[in-house]
Amino acid sequence: MNVSPFSAIPPITQLSEDEILFRNSVEQFARDEVAPRVRRMDEEQHIDAALLRKLFELGLMGIEIPEEFGGSGGSFFDSVLAVETLSAVDPSVGLLVDVQNTLVISALLRWATPEQKKKYLPRLASDTVGAYALSEAGAGSDAFALQTRAEKRGNDYVLTGRKLWITNSKEAGIFIVFATVDVSAGHKGITAFFVEKDTMGFSVGKKEDKLGIRASSTCELILEECVVPASQVLGEAGKGYKIAIETLNGGRIGIGAQMLGLAEGALAHAVEHAKTRKQFGKALVEFQAMQYQLAEMATDIEATKLLVYNAARLKDAGMEFRKESAMSKYFASHAAERVASLAVEVLGGSGFVKESPVEKLYRDAKIGKIYEGTSFMQLAAIAKIVL
Ligand SMILES: Cc1cc2nc3c(=O)[nH]c(=O)nc-3n(C[C@H](O)[C@H](O)[C@H](O)COP(=O)(O)OP(=O)(O)OC[C@H]3O[C@@H](n4cnc5c(N)ncnc54)[C@H](O)[C@@H]3O)c2cc1C
């Protein structure tokens with residue numbers, strides 16, 4: 001057989017040996033540690049503290065943190081693999097790991113000073129959850145209309161305002177909070193700060209009671225004359241806009257991975273059911289109409305995987321990935337909703353009840369089109385690049 005000159009280029013979805021080992025260890029963890037807790041965590045709307053400790057022990061809360069700071073020294077693609085694999089079992093756990101790695105740690109690695117890295121990275125790798133606080137009641141899609149103020153007083157900034165919808169806030173010890181140092185400067189006033197949970201004037205408010213990803217905490221943050229030293233500005237004053245946008249460009253690939261994993265989990269349940277459930281004297285999977293539905297779901301998943309993996313690999317390669325990131329999140333969230341919906345139908349009545357994992361995956365899928373920029377915002381970003 002002739003060896004093609006292109007054989008040296010690995011297919012996008014081919015994993016290296018290290019990636020396979022890593023994915024297998026996360027898969028086993030998801031099976032042994034996450035799966036038995038999913039239902040209870042969803043009902044009780046919280047992440048089991050013992051599970052959180054185990055996520056730290058396995059290194060999943062500091063995937064890209066260099067080993068010198070106690071992290072796993074992995075790649076962005078490894079974070080994507082972890083989020084995908086965990087989300088196949090519980091998208092809430094996938095999101096916890098996603099925000100920690102693809103938003104908080106990514107922003108820190110890119111923009112923090114050496115002192116800030118020394119201060120925060122070992123904590124984030126070992127026992128501290130991070131949160132990323134941009135949205136406000138009046139600033140969602142129009143995120144840079146934010147009203148939280150940061151007034152400079154001597155060597156400090158005094159933060160006042162409210163943040164809304166902040167993931168991980170119940171568990172978090174470190175928050176990246178976006179505020180404006182000068183409302184009249186528009187987006188040029190926006191600045192990112194590290195705010196620690198026990199800072200005077202800072203508190204975590206009401207927790208939202210949600211349709212899906214119920215174990216993941218989503219809360220309001222209240223800042224009342226919250227004093228933060230100037231040394232806790234991330235990047236530079238006035239550069240928060242760039243930090244927020246560039247971090248979210250990567251974060252969206254993480255949400256794509258969450259939706260990819262969710263769809264894979266839903267398909268696995270659908271296939272298992274179709275192979276065991278008999279009607280008209282045959283297993284459901286023997287009917288061609290059923291096979292076609294499962295094939296359609298698998299095709300949606302393969303297309304999603306190509307988009308998500310390609311965007312992640314582009315990011316790791318230091319190449320342009322903004323368009324691919326927006327496309328991966330857009331497509332993945334739509335595909336996940338389609339696949340989870342079909343999975344409920346494949347399971348029939350037993351897919352519609354709480355005992356069924358697909359009932360939860362269907363509820364969990366909806367958020368993919370909303371956070372880290374709604375689907376319309378992804379289309380706007382794609383249009384800006386391609387037109
Ligand atoms: C569970 C959950 C977790 C979250 N976690 C975080 C977090 O950790 N950190 C954080 O900062 N934020 C977080 N968010 C906030 C999230 O990013 C916002 O909800 C999202 O950006 C949408 O903003 P909004 O809810 O204000 O909706 P809006 O911006 O009010 O949008 C409502 C609708 O109008 C559409 N729309 C808006 N503008 C336009 C336009 N110009 N043209 C056409 N259509 C438009 C939108 O696409 C959408 O369909 C979270 C939200 C949820 C629900």
Side-chain angles (χ1 to χ4, degrees), residues 42 45-47 83 87 90-107 129-148 159 161-180 190-193 195 204-223 234 240-241 243-252 254-256 258-259 262 325-326 329-330 333-334 336-337 360 363-384:
D42 187 57
Q45 300 186 55
H46 84 114
I47 297 283
V83 173
S87 300
D90 191 346
S92 285
V93 177
L95 180 64
L96 168 76
V97 168
D98 175 63
V99 169
Q100 177 88 353
N101 286 286
T102 75
L103 292 181
V104 177
I105 292 170
S106 275
V129 175
Y132 186 87
L134 177 64
S135 303
E136 299 181 0
S141 298
D142 188 11
F144 300 112
L146 60 83
Q147 292 296 310
T148 297
L159 272 59
R162 283 177 181 237
K163 294 285 167 185
L164 200 61
W165 314 115
I166 308 308
T167 299
N168 289 356
S169 358
K170 275 281 174 230
E171 298 81 18
I174 299 167
F175 296 76
I176 296 180
V177 175
F178 292 85
T180 176
I190 293 168
T191 306
F193 296 87
V195 178
V204 176
K206 180 175 155 265
K207 184 171 152 194
E208 303 296 341
D209 187 1
K210 309 191 295 291
L211 167 73
I213 53 159
R214 288 170 66 78
S216 164
S217 62
T218 314
C219 309
E220 185 182 22
L221 303 182
I222 301 155
L223 299 117
L234 172 61
Y241 170 78
I243 293 172
I245 290 208
E246 293 192 7
T247 307
L248 284 169
N249 283 337
R252 283 170 186 151
I255 300 303
Q258 183 201 29
M259 292 294 124
L262 187 157
S325 144
K329 190 215 175 240
Y330 173 79
S333 55
H334 287 246
E337 201 177 281
K360 176 184 179 301
R363 285 188 283 109
D364 289 350
K366 193 72 219 178
I367 191 61
K369 289 180 176 175
I370 299 171
Y371 55 19
E372 295 201 29
T374 65
S375 285
F376 287 118
M377 292 302 113
Q378 305 311 317
L379 291 175
I382 296 163
K384 214 166 161 183

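Below, each value reflects all heavy atoms present in this structure, side chains not excepted, and no hydrogens, waters or symmetry copies. We count ligands from 1, going down the list as the structure has it; atoms in each ligand are counted the same way.
Screening H46, E171, K210, E208 for a side chain to side chain donor-acceptor pair (under 3.5 Å) with S217, the sole residue that qualifies is E171. Partner of R162 under the side chain to side chain donor-acceptor pair (under 3.5 Å) criterion, chosen from Q147, E220, E136: E220.
Protein heavy atom in closest approach to atom 8 (O) of ligand 1: T167 N, 3.0 Å. Scanning the protein for heavy atoms near atom 20 (C) of ligand 1, the closest one is I370 O, 3.5 Å. Among all protein heavy atoms, the one lying closest to atom 13 (C) of ligand 1 is W165 O, 3.0 Å. In this structure, the protein non-hydrogen atom closest to atom 31 (O) of ligand 1 is S141 OG, 3.7 Å. At the shortest separation from atom 49 (O) of ligand 1 among protein heavy atoms lies F376 CD1, 4.1 Å. Considering only non-hydrogen protein atoms, atom 18 (C) of ligand 1 sits nearest to S135 OG, 4.2 Å. The protein atom (non-hydrogen) at minimum distance from atom 45 (C) of ligand 1 is M377 CE, 4.0 Å.
Within the 4.0 Å cut-off (strictly below), a protein heavy atom is located near atom 10 (C) of ligand 1. Atom 4 (C) of ligand 1 lies below 4.0 Å from at least one non-hydrogen atom of the protein. At least one protein heavy atom sits closer than 4.0 Å to atom 53 (C) of ligand 1. Contact annotation for atom 35 (C) of ligand 1: protein absent (non-hydrogen atoms, distance under 4.0 Å). Remark: atom 26 (O) of ligand 1 lies closer than 4.0 Å to at least one protein heavy atom.
The heavy atom nearest to atom 21 (O) of ligand 1, considering only S216, A137, G140, A172, is found in G140.
Residues F178 and Y132 place their aromatic rings such that the two centres sit under 6.0 Å apart.
Expressed to the nearest 0.5 Å, how far OG of S87 lies from CG of D98 amounts to 7.5 Å. Note: L103 CG to L248 CG = 6.0 Å, rounded to the nearest 0.5 Å. In this structure, Y371 OH and L95 CG are separated by 4.0 Å, a value rounded to the nearest 0.5 Å. One finds the CD atom of Q258 at 6.5 Å from the CD1 atom of I213 (value rounded to the nearest 0.5 Å).
In this structure, K207 places its NZ atom where more than 12 heavy-atom neighbours from other residues, nucleotides or ligands lie under 6.0 Å away.
Of all the heavy atoms of V99, none lies under 4.0 Å from any atom of ligand 1, so neither backbone nor side chain is involved. Of the heavy atoms in K210, only side-chain atoms (C-beta onward) come closer than 4.0 Å to ligand 1. The side chain of T374, and not its backbone, has at least one atom closer than 4.0 Å to an atom of ligand 1 (non-hydrogen atoms only; side chain from C-beta on). Contact annotation for E372 and ligand 1: only backbone heavy atoms (N, CA, C, O) come within less than 4.0 Å of the ligand.
Distances below 4.0 Å separate heavy atoms of I166 from the following atoms of ligand 1: 7 (C), 8 (O), 9 (N), 10 (C), 11 (O).
Residues V104 and F175 form no side-chain contact, since every pair of their non-hydrogen atoms from C-beta on lies 4.5 Å or further apart.
Residue T218 places a heavy atom under 4.0 Å from ligand 1.
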